[in-house]
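The next block holds one structure in the form of structure tokens; read it before the comments.
Numbering of residues begins at 1 and proceeds along the displayed sequence.
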Amino acid sequence: MNAYIYILILAILNCFVPIKRQKTTSSILLFIMMLMCGFRAYDVGTDTVNYVAYQEASFISDYTWGPLYIVLKLIASLFPYEGTVFLMLMALLTYCPLIYLSRKYSVFPGLSVLMYIIPCGIFFNESFNIARQSIGIVYILLAAVALQNKKRELSYGLTLLAFFFHPFVIFFVFIFFLMKRPFTKKFVRCLLLITMILGLCGTLTGIDSILNSMAAIFAGSSSDLLLKFTKYGNGYDIQSGFSLVGQLSHMLPMVALCWIGSNKRTKNNIYFKMMVCGSAITNLLVSVIFCERFASTFTLAQFLAVPLIYKTSGKIKKIILKIILLATGMLYVYNLYQSSKDVDLWTPYHTIFN
């Protein structure tokens, strides 16, 4: 657990470095995070062992992974310690784009790095765990940058690339239909309030029914995408186990950032729109264990949206934002402490060299 806290401390200190130097310091910090991710031991996280097994075992089907991972597998097989090489290739695909985005497009690179660690999505932690989706959502963020810069064809191509990394990112296509819809302060706050009420009242029963129906309709389907979605139905335990306090602590950080961040400079910004959509999805699915599987495609936009919000906010709002981030950082540490008690949830970090 200590390794994650050290990274959080470094990320906070990095925010106090002069902006002109943050491109360099943030790149260095992301590079360190990449090395930690790539050189993790095989029992760190719940899915790492599956990635290593895929790389090292010839009998695991390539079909369910897709062509991009077949290429990574072939490259990794050319080296000794191919399991670790495979993990490092995945880390490179995740963190190199983040370094590029923080240097070229973030108005506050230090804050971008902090947003990759907190709040809610804990993307840094999840890059050790659901690594395939971590790659996919990063390339969706690249697609969003292309869309913001009015490069539609490039955005389509990057979205397709991200889809081959992980199919759940396909929901990003809804952003293409929201490009011309201004996210005004009234619209954003109404959307957040309505989705919070629906989520707290409980959308679980409806979601469970839909998934069960999908599982029945597509039983025996040869489509890997459909199987990925329907696996959560037909008796699958989709309860998150969150208490009311747990639900609110999961909702409120992103809701607060979107609530404060709604202004004239952000209402037509793609990153802000994505973050609002991600917050709404989180609100609706907060009682479901796979909430972040769907929300993270959109919430990663906080990497670029929150620095923009901070830059375009007045003095009072900047103080409120700092308080929100401090509270979320403390929540992050608390969650690390709680999850470290149960190795089924999270294994304390150590490297392959240990």
Cut-off 3.5 Å, no hydrogens considered: what does the side-chain donor-acceptor table look like for residues 323-331, sequence neighbours left out?
residue, atom, partner, partner atom, Å
T328, OG1, I324, O, 2.7

Scan side-chain atoms only and decide if S296 and E126 contain a donor-acceptor pair under the 3.5 Å cut-off. no

Are the aromatic ring centres of F298 and F294 under 6.0 angstrom apart? no

Does the plane of the ring in F39 sit parallel, tilted or perpendicular to the ring in F353? Use 30° and 60° as the thresholds. tilted

Exercise answer: donor-acceptor pairs, residues 84-101 side-chain atoms, under 3.5 Å, sequence neighbours excluded:
residue, atom, partner, partner atom, Å
T84, OG1, Y42, OH, 3.1
T94, OG1, M90, O, 2.9
Y95, OH, S127, OG, 2.7

Before giving the answer on ring pair (Phe, Tyr, Trp, His ring centres under 6.0 Å), spell out for F108 and Y310 the whole-Å C-alpha distance, their side-chain angles and the decisive distance to 0.1 Å. CA-CA 9 Å; F108 196 157; Y310 188 84; 5.6 Å; yes

Backbone N/O of I118 and side chain of Q302: donor-acceptor pair under 3.5 Å: yes

Please confirm whether R132 makes a cation-pi placement over Y69, using NZ or CZ under 6.0 Å from the six-membered ring centre and within 45° of the ring normal. yes

So, N129 side chain and D47 main chain: donor-acceptor pair closer than 3.5 Å or not? yes

Going through the distances and angles, do T299 and E292 end up as a side chain to side chain contact (heavy atoms under 4.5 Å, CB included)? CA-CA 9 Å; T299 53; E292 289 303 332; 4.2 Å; yes

Give a yes or no on whether the backbone of H166 and the side-chain of Q133 come within a donor-acceptor separation of less than 3.5 Å. no

Residue pairs passing the side chain to side chain donor-acceptor pair (under 3.5 Å) test with at least one member in residues 150-163, sequence neighbours excluded, are R152-Y156

Using the rule given for ring pair (Phe, Tyr, Trp, His ring centres under 6.0 Å), can you reason through F128 versus Y4, listing the C-alpha separation, both sets of side-chain angles and the distance that settles it, and then say yes or no? CA-CA 11 Å; F128 292 66; Y4 306 120; 5.8 Å; yes

Hey, could you give me the CG/OG1 distance between L29 and T24, rounded to the nearest 0.5 Å? 12.5 Å

Donor-acceptor contact present, side-chain E82 to main-chain A76, <3.5 Å: no

With a 3.5 Å distance limit and no angle check, can you tell me whether T351 reaches the backbone of R40 through a side-chain donor-acceptor pair? no

Please output the side-chain donor-acceptor pairs of residues 181-189 that fall under 3.5 Å, not counting sequence neighbours, one pair per line with the distance.
residue, atom, partner, partner atom, Å
T184, OG1, F187, N, 3.3
R189, NH2, W259, O, 3.3

Which residue pairs pass the side chain to side chain donor-acceptor pair (under 3.5 Å) test with at least one member in residues 27-37, sequence neighbours excluded? S27-R103

Can you list every side chain to side chain donor-acceptor pair (under 3.5 Å) pair that touches residues 264-279, not counting sequence neighbours? N263-T266

